[in-house]
Amino acid sequence: MPNMEPQAIDIKVFQTILLTWFKEHGRWFPWRESGLSSYQLLIAEILLQRTKAATVDKIFTHFFNVYPNWKVIASAKLEEIENTLKPIGLHKQRAERLQKLAQKMNLNDSVLLSSRAELDAIPFIGQYIGNAVELLIQGKNKPLLDVNMARVLERYFGHRKLKDLRYDKYLQALAHDIVDHPDSISLNWAILDFAALVCQSRVPKCSTCVLQQTCTYYLTVVEIKNFRNE
DNA sequence: AAGGCGGGGAC
DNA sequence: GTCCCAGCCTT
């Protein structure tokens, strides 16, 4: 039964193995540095939407040199923001949203970012970024549940029922249980890095995967193929 | 539930 | 050329 809620021991194994993997193979990005402002953290999440982390990395430093705070974005020319964002795509949409957000946040971002109710009322902040703010700014144990984390969890523990991951109770509960850990941030990053480097969408590297012995996908799909020598 | 946004890298 | 990427809004 792939949709059964996993036992606590299963989650513990998953957490422990991935954190160990992360210490050796985890990626480094500037937005993971300590001491970033809530401005930088929030902008980073918007830049990362539907965009590879390595791609965002290329313009990240430059972007904050040009736009160091909400005020500068709020008063900038929209076309210039678009040009700055062009190399990472979705630039027209993102530039407009960033500027509107900046005009709102410029007043009092510390208040707006302090509670989930406030966050949910802000345009362009959905479930993912809401969780990211709670995790990275408020210090809560919340999952960065995107298509990549979903893919890892579903391959390992079993597939969700609903197409839209935001409404799938099983996947939501599972993700929350997984990152309910003293080092929730590292665990989140570990899963995202693992998704990008090992448990990839098209050709996952199962043969060298540290989770293969306990992975549903490996045990029910990959190993059977190997047995048949396909 | 489905469509649109988008350049860039991997294959 | 095709697929995918730290989503979200509109219809």
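Note that these values count all heavy atoms, side chains included, but never hydrogens, waters or copies made by symmetry. A note on names: the letters A, B, ... follow the listed sequences, proteins ahead of strands, and every chain is numbered from 1.
- Contacts of A:Ile88 with the nucleic acid, taken as non-hydrogen atoms under 4.0 Å apart, include base atoms.
- Two residues, A:Asp164 and A:Thr55, neighbour DNA chain B, and the one matched to the more 5' nucleotide by heavy-atom proximity is A:Asp164.
- Within the structure, every pair that satisfies the salt bridge (charged side-chain N to carboxylate O under 4.0 Å, His left out) test and touches residues 146-157 of chain A, not counting sequence neighbours, is listed here: A:Glu154-A:Arg160.
- Among the protein residues, A:Tyr128 comes within range of the nucleic acid bases, having at least one heavy atom under 4.0 Å from a base atom.
- Using a 4.0 Å heavy-atom cutoff across all strands shown, A:Ile129 reaches sugar-phosphate atoms only and no base atom.
- Within the 4.0 angstrom heavy-atom criterion, only backbone atoms of the sugar-phosphate kind lie near A:Gln127; the bases stay farther away.
- Looking at which nucleotide of DNA chain B each of A:Leu162 and A:Gln200 is closest to, the 5′-most match is held by A:Leu162.
- For B:dG7, the OP1/OP2 oxygens have no side-chain nitrogen or oxygen of A:Lys58 closer than 4.0 Å.
- Taking a heavy-atom distance under 4.0 Å as the criterion, the stretch of DNA chain C touched by chain A extends 5' to 3' from C:dC3 to C:dC9.
- Judged by distance alone, the side chains of A:Glu45 and A:Gln40 never bring a donor and an acceptor atom under 3.5 Å apart.
- Partners of A:Arg32 by side-chain contact (heavy atoms from CB on, under 4.5 Å), not counting sequence neighbours, listed by chain and number: A:Phe22, A:Arg27, A:Phe29, A:Trp189, A:Asp193.
- For the C1' atom pair drawn from B:dA1 and C:dA6, the interatomic distance equals 24 Å after rounding to whole Å.
- Side-chain proximity of A:Arg202 to B:dG9, B:dG8, B:dG4: nearest is B:dG9.
- Residue contacts for A:Arg151: at a heavy-atom cut-off of 4.0 Å it reaches the sugar-phosphate backbone alone, with no base atom in range.
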